[in-house]
There are 2 protein chains.
Amino acid sequence: MGYKHNIDEILDIGYDVLRKNGYHNVGVNQILKEAGIPKGSFYNFFESKEDFAVKVVKRYGETNTEWMKAFFDNSELSPIESLQSFYKFMIDTNETDDYLSGCIVNNMSIEVGRINNIMASKANEQFISWLNILAQVISKGQNLKEITTKFNALEIAEYLHAGFYGTFSRMKVTRNRTYMDIWYNMSFEFIKN
Amino acid sequence: MGYKHNIDEILDIGYDVLRKNGYHNVGVNQILKEAGIPKGSFYNFFESKEDFAVKVVKRYGETNTEWMKAFFDNSELSPIESLQSFYKFMIDTNETDDYLSGCIVNNMSIEVGRINNIMASKANEQFISWLNILAQVISKGQNLKEITTKFNALEIAEYLHAGFYGTFSRMKVTRNRTYMDIWYNMSFEFIKN
DNA sequence: AATTAATTAGACTAATTGGTCTAGTTGAGA
DNA sequence: TCTCAACTAGACCAATTAGTCTAATTAATT
């Protein structure tokens with residue numbers, strides 16, 4: 001049966017709250033309220049607010065890693081086409097979100113990357129894990145001569161995905177997808193062979 | 001003579017504090033302490049903490065706009081070379097800062113862009129102002145056939161500069177310039193004719 | 001010299017912060 | 001069925017939050 005509350009459910013709610021509002025702008029009490037748990041349970045599950053936030057990032061990062069793996073494994077498109085369809089999907093997802101939240105790993109990196117070593121290294125971990133999946137697809141595209149070989153696959157992956165992060169800064173203040181679409185068109189024009 | 005304290009000096013100190021620590025992680029009392037002013041003076045000069053932060057971003061943005069204008073006006077390099085030297089300088093600047101702070105406009109966009117309309121529009125204003133300067137240089141480079149004409153100057157400017165913002169997320173958690181240098185090499189390789 | 005508005009100074013406030021503590025409850029294993 | 005650790009519950013705490021208020025001081029204007 002288990003007890004009343006479940007860590008993963010709390011982490012999922014925490015993901016929403018932290019992604020939308022950031023780290024320092026959210027109090028523990030707000031998390032308790034949104035998750036519907038008493039403080040005792042929170043501190044039974046997590047050592048501190050920091051520990052909670054790190055675990056939120058970890059869970060999201062790992063879930064997303066699995067999702068990405070499945071996405072590319074199941075794709076019947078060519079490598080470059082599957083990459084394009086991946087980023088198209090990511091941009092569309094942000095549209096349904098009114099372009100306001102962005103990516104929690106990016107948000108945490110910028111807000112607390114400098115002042116919190118544990119969060120910094122956890123965010124970096126997730127990013128690298130995604131990067132390796134992208135690099136594999138890029139590598140396949142290079143072998144098929146779809147993608148430029150001027151740079152190696154991992155570099156192109158980092159270029160693409162961090163470039164995508166740059167679009168979030170613009171999106172959050174312009175609140176539209178204009179620049180994300182420009183980024184998409186230019187990036188794929190540049191890396192195509 | 002004037003009074004004891006000066007708004008611009010407070011804003012300059014505020015720039016340092018907010019850039020390094022973010023918005024919600026800094027209290028008004030900390031600003032008072034670092035600037036050496038009493039609370040009465042702060043609330044005499046600024047309506048609120050938000051008003052203060054917006055004015056910090058405005059002042060930095062405008063100062064930087066002037067600096068960029070002078071940088072490109074005084075440059076004796078060709079357009080693409082002056083762009084390269086500009087970004088080289090920006091990367092070096094972050095190195096002296098131990099790669100921890102980044103750009104305040106980017107930081108504020110990510111941390112409070114979603115939840116604070118005034119800050120969002122002020123950050124966007126500064127970004128656009130920089131963008132226009134970059135676009136002018138890019139346009140010159142396009143006329144000289146140094147830079148690709150596959151995309152218009154403003155699009156390339158936004159692509160370049162927001163891409164550079166993406167590098168900050170990586171920098172803040174990896175705390176080195178590796179990815180910034182990769183970004184630099186790839187971006188200029190891609191936009192060169 | 002008198003008046004006035006701007007500025008300085010910091011004590012104070014109500015609300016909120018992250019976190020602790022104790023008491024009671026639950027569920028699984030012996 | 002008994003035992004014990006995990007969990008639930010929320011009152012409580014010291015510190016901090018953004019912001020207010022009143023009084024004193026300063027500089028410029030009349």
Side-chain angles (χ1 to χ4, degrees), chain A residues 1-57 59 107-108 111-112 114-120 122, chain B residues 1-57 59 107-108 111-112 114-120 122:
Chain A
M1 270 291 293
Y3 285 80
K4 202 167 179 183
H5 307 301
N6 169 282
I7 292 192
D8 286 342
E9 276 172 30
I10 301 172
L11 289 176
D12 286 344
I13 290 164
Y15 165 74
D16 277 331
V17 178
L18 293 182
R19 185 171 78 110
K20 284 184 186 139
N21 304 294
Y23 180 77
H24 290 103
N25 191 36
V26 171
V28 173
N29 283 317
Q30 185 183 343
I31 296 161
L32 304 182
K33 203 176 155 193
E34 304 226 22
I37 54 168
K39 200 162 259 191
S41 293
F42 182 89
Y43 282 97
N44 178 54
F45 289 137
F46 311 107
E47 276 181 26
S48 61
K49 182 190 173 188
E50 182 199 51
D51 178 49
F52 168 73
V54 169
K55 281 177 175 154
V56 164
V57 167
R59 176 168 162 84
N107 296 350
M108 292 295 131
E111 187 185 342
V112 300
R114 184 199 120 97
I115 51 186
N116 188 318
N117 295 335
I118 297 168
M119 180 64 88
K122 188 54 74 184
Chain B
M1 272 291 294
Y3 284 80
K4 203 168 177 181
H5 308 302
N6 169 283
I7 292 192
D8 284 342
E9 276 172 31
I10 301 172
L11 289 176
D12 286 344
I13 290 163
Y15 165 74
D16 277 332
V17 178
L18 293 182
R19 185 171 78 110
K20 282 182 188 142
N21 304 295
Y23 180 77
H24 290 103
N25 190 37
V26 171
V28 172
N29 283 319
Q30 186 182 343
I31 296 160
L32 304 181
K33 202 175 157 194
E34 304 227 23
I37 54 169
K39 199 162 258 191
S41 293
F42 183 88
Y43 281 97
N44 178 52
F45 288 138
F46 311 106
E47 275 181 30
S48 61
K49 183 189 172 188
E50 181 198 51
D51 177 50
F52 169 74
V54 169
K55 281 176 176 155
V56 164
V57 168
R59 175 169 162 84
N107 296 350
M108 292 295 132
E111 186 184 343
V112 300
R114 184 200 118 98
I115 51 187
N116 188 318
N117 295 335
I118 298 170
M119 180 65 88
K122 187 56 73 182

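In what follows, chains carry the letters A, B, and so on, assigned in the order in which the sequence lines appear, proteins first and then strands, with residues in each chain numbered from 1. Owing to the predicted nature of the structure, the values given are computational and were not obtained by experimental measurement.
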B:Asn6 CG to D:dA27 C1', straight-line distance once rounded to whole Å: 16 Å

Whole angstrom value for the distance that separates P of C:dT25 from CG of A:Asn44: 17 Å

Result of checking A:Tyr15, A:Phe42, A:Tyr23 against A:Phe52 for ring pair (Phe, Tyr, Trp, His ring centres under 6.0 Å): A:Phe42

Value in whole Å for how far the C1' atom of C:dT8 lies from CG of B:Leu32: 12 Å

Check: A:Glu34 side chain, A:Ile13 main-chain N or O, donor-acceptor pair, under 3.5 Å: no

Residue B:Ile118 excluded, over 12 heavy atoms near CD1 under 6.0 Å: no

B:Val26 backbone acceptor or donor facing B:Lys49 side chain under 3.5 Å: yes

Inter-end axis angle, the helix from C:dA1-D:dT30 to C:dA30-D:dT1, with every axis fitted to five base pairs (rounded, 10 degrees): 10°

B:His5 NE2 - C:dG10 C1' separation (whole Å): 12 Å

A:Asn21 (side chain) donor-acceptor with A:Val17 (main chain) under 3.5 angstrom: yes

Non-hydrogen atoms of A:His24 and A:Val112 that approach each other most closely: CE1-CG1, 3.5 Å

B:Ile37 CD1 to C:dA9 P, straight-line distance once rounded to whole Å: 10 Å

Qualifying salt bridge (charged side-chain N to carboxylate O under 4.0 Å, His left out) pairs, either residue in residues 2-30 of chain A, two or more places apart: A:Asp8-A:Arg59, A:Asp12-A:Arg59, A:Arg19-A:Asp97

Separation of atom CD1 in A:Ile31 from atom P in C:dG19, rounded to whole Å: 10 Å

Sugar-phosphate or base contact per nucleotide [nucleotides 11-26 of chain D; S, B, -; heavy atom under 4.0 Å]: B-----BBBB-----B

Pair B:Met108-B:Val56, side-chain contact (heavy atoms from CB on, under 4.5 Å): steps then yes or no: CA-CA 11 Å; B:Met108 292 295 132; B:Val56 164; over 6 Å; no

